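Have a look at the structure below before the remarks.
Source: prediction; values computed, not measured. By convention here, the first residue in the shown sequence is residue 1.
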Amino acid sequence: SEAEVQSAHGAWEKIYVDAKDNGTTVLDVSFLNRMFTEHSDTKSYFTHFKGMDSVEEVKQLDQVRGHGKRLFTTINGMVQHVDNSEAFLGLVNPLGKKRATQLKIDPKIFWIICDIILQLMEEKFGGDCKAYFEKVTNEICAHLNDVYKDVGW
């Protein structure tokens, strides 16, 4: 509904206003800690982490800060078009295809990242903010999974 879209936009704006730091937080603190402990197999997708055994080592990399900002910028584009299927899918489809066919990134990584973004939203802005944005993350991940299925993943 229009009200849900506006609530989701409002929730996203709160976290996106500081995209570089929040994107870095998602990747370096939460994501990397979970990646290294709960999902150690995902570390292999990031070649610049090779040989690093701790989150502390990885947090020092400039690539992590840059990737966090790019992650948030990409999601921002999707959020801005969440109510326009053609534009939304125009962003999601090439992103998913590249990650499935060229980068060979397991689609579960999207769910992990979205879950961490929701946790960060709840931590910083409360449960309502998280609830408003959860449908958006579900849409993003569901459509990315569809892209993966379409390319035979």
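Distance check: T74 OG1 to K69 NZ gives 10.0 Å after rounding to the nearest 0.5 Å. Here the CD1-NZ distance, from I113 to K108, works out to 12.5 Å after rounding to the nearest 0.5 Å. The line from CD of E139 to CG of L89 is 9.0 Å long, rounded to the nearest 0.5 Å. Between I116 atom CD1 and E123 atom CD the span is 11.5 Å, to the nearest 0.5 Å. Put simply, SG on C141 and CD1 on I109 are 11.0 Å apart, with the number rounded to the nearest 0.5 Å. Interatomic distance, I112 CD1 to D106 CG, rounded to the nearest 0.5 Å: 8.0 Å.
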What side-chain donor-acceptor pairs closer than 3.5 Å can you find for residues 2-10, not counting sequence neighbours?
| from | atom 1 | to | atom 2 | distance (Å) |
| --- | --- | --- | --- | --- |
| E2 | OE2 | Q6 | NE2 | 2.7 |
| E4 | OE1 | S1 | N | 2.9 |
| E4 | OE1 | S1 | OG | 3.4 |
| E4 | OE2 | K135 | NZ | 2.4 |
| S7 | OG | A3 | O | 3.1 |
| H9 | NE2 | V79 | O | 2.8 |

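The two residues N145 and P107 make their nearest non-hydrogen contact at OD1-CB, 3.4 Å. Nearest heavy atom pair, residue I15 against residue I117, reads CD1-O, 4.4 Å. Residues A100 and V151 share a closest heavy-atom pair of CB-CG2, 3.7 Å. Across all their heavy atoms, C114 and T137 have their closest contact at CB-CB, 3.7 Å. In this structure, K14 and C129 approach most closely via the heavy-atom pair CD-SG, 4.2 Å.
Using cut-offs of 30° and 60° for the angle between ring planes, the F72 and Y16 rings count as parallel.
The closest side-chain heavy-atom distance from W111 to N138 is below 4.5 Å. The shortest side-chain heavy-atom distance between K124 and N22 falls under the 4.5 Å cut-off. Looking only at side-chain heavy atoms (C-beta outward), M78 and L95 come within less than 4.5 Å of each other. Two residues are said to be in side-chain contact when any heavy atoms from C-beta on lie closer than 4.5 Å; F110 and Y148 meet this criterion.
In this structure, L103 is a member of the same hydrophobic cluster as L144, with clusters built from ILVMFWY side-chain heavy atoms closer than 4.5 Å. Linking ILVMFWY side-chain heavy atoms closer than 4.5 Å, directly or via other members, places Y132 and F88 in two distinct hydrophobic clusters.
Applying the side-chain hydrogen bond (donor to acceptor under 3.5 Å, both in side chains) rule to N76 yields the partners W12, Q80; only residues at least two apart in sequence or on another chain are considered.
For residues 85-94, there are no side-chain hydrogen bond (donor to acceptor under 3.5 Å, both in side chains) pairs, not counting sequence neighbours.
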